[in-house]
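To keep things clear, I will list the structure first and then write my remarks on it.
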Amino acid sequence: MTTLIGYHEVNDGQIWASAWRQGPGSRHEMFGKIGVKARTFRDPDNHNVTGVLLEVPDMEQFNSFMASDEVKQAMEEDGLKISTVRILSEFSP
């Protein structure tokens, strides 16, 4: 299992948060299809600064998924500012 932190800005924090609400069609459901569990975060002073903590069981599958048209479309719909995306991977020193 790999733990990742994704940090990024979005155009509208409310739209982004709505996409992550639990239920059918949510981003939780979308990532769940490949076994990824996600926790979501927003800057309390600027809701357009957002992040996710991801538990990824298969990084090869995750990387392919992230490159898919489905994910690209979701990022566009959610107003994700691609140039701001930063990914951190947990490591043990």
Side-chain angles (χ1 to χ4, degrees):
M1 185 72 66
T2 302
T3 302
L4 303 175
I5 297 172
Y7 172 88
H8 40 66
E9 294 178 25
V10 295
N11 294 324
D12 184 324
Q14 285 303 111
I15 290 171
W16 181 84
S18 292
W20 283 94
R21 290 201 194 334
Q22 293 285 355
S26 75
R27 299 301 177 237
H28 286 286
E29 181 182 69
M30 186 174 82
F31 279 83
K33 291 188 299 189
I34 62 164
V36 173
K37 293 185 180 181
R39 293 173 50 199
T40 54
F41 301 86
R42 290 192 303 191
D43 182 322
D45 297 321
N46 180 355
H47 287 183
N48 293 341
V49 177
T50 61
V52 290
L53 178 82
L54 303 169
E55 295 292 338
V56 180
D58 181 332
M59 281 303 296
E60 187 174 321
Q61 183 183 33
F62 177 77
N63 289 331
S64 293
F65 176 70
M66 292 303 292
S68 73
D69 289 339
E70 176 185 16
V71 172
K72 289 177 187 176
Q73 180 180 346
M75 288 190 286
E76 186 175 316
E77 289 172 3
D78 297 351
L80 196 95
K81 295 181 181 181
I82 301 297
S83 65
T84 69
V85 174
R86 301 293 179 267
I87 303 293
L88 304 174
S89 181
E90 183 177 36
F91 73 98
S92 297

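For the numbers below, each heavy atom of this structure counts, side chains included, while hydrogens, waters and symmetry mates do not.
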TODO: Using the side-chain hydrogen bond (donor to acceptor under 3.5 Å, both in side chains) rule, collect all pairs that involve residues 83-93, keeping only residues at least two apart or in two chains.
DONE: Thr3-Glu90
Open item on the list: Other members of the hydrophobic cluster containing Phe91, with the 4.5 Å side-chain heavy-atom rule, please.
Closed with: none
Open item on the list: Restricting to side chain to side chain contact (heavy atoms under 4.5 Å, CB included), what partner residues turn up for Val49, sequence neighbours left out?
Closed with: Tyr7, Glu9, Asp43, Asn46
Open item on the list: Run the side chain to side chain contact (heavy atoms under 4.5 Å, CB included) test against Asp12 and tell me which residues pass, sequence neighbours left out.
Closed with: Gln14, Ile15
Open item on the list: Under the rule for salt bridge (charged side-chain N to carboxylate O under 4.0 Å, His left out), what residues qualify as partners of Glu29, not counting sequence neighbours?
Closed with: none
Open item on the list: Going by salt bridge (charged side-chain N to carboxylate O under 4.0 Å, His left out), name the residues that satisfy it together with Arg27, two or more places apart in sequence or in a different chain.
Closed with: Glu77, Asp78
- [ ] May I have all residue pairs that pass ring-ring contact (aromatic ring centres under 6.0 Å, His included) and include part of residues 66-88, sequence neighbours excluded?
- [x] none
Open item on the list: Does anything in residues 26-60 form a ring-ring contact (aromatic ring centres under 6.0 Å, His included)? List the pairs, not counting sequence neighbours.
Closed with: Trp20-His28, Trp20-Phe31, Phe31-Phe65
According to a 4.5 Å side-chain heavy-atom criterion applied to Ile, Leu, Val, Met, Phe, Trp and Tyr, with indirect links allowed, do [X] and [Y] form part of one hydrophobic cluster?
{"X": "Val71", "Y": "Val85", "result": "yes"}
{"X": "Met59", "Y": "Ile34", "result": "yes"}
{"X": "Met1", "Y": "Val36", "result": "no"}

Using 0.5 Å steps for rounding, measure from the [atom1] atom of [X] to the [atom2] atom of [Y].
{"X": "Leu54", "Y": "Thr2", "atom1": "CG", "atom2": "OG1", "result": "10.5 Å"}
{"X": "Leu4", "Y": "Leu53", "atom1": "CG", "atom2": "CG", "result": "8.5 Å"}
{"X": "Trp16", "Y": "His8", "atom1": "CH2", "atom2": "NE2", "result": "5.5 Å"}

Task: Derivation of the side-chain contact (heavy atoms from CB on, under 4.5 Å) call for Arg21 and Ser18 - done: CA-CA 5 Å; Arg21 290 201 194 334; Ser18 292; 4.0 Å; yes
- [ ] Inspect the surroundings of NZ in Lys81 and state if more than 12 heavy atoms from other residues, nucleotides or ligands are less than 6.0 Å away.
- [x] yes
TODO: Any salt bridge (charged side-chain N to carboxylate O under 4.0 Å, His left out) involving residues 62-76? Give me the pairs, sequence neighbours left out, ordered by first then second residue.
DONE: Lys33-Glu70
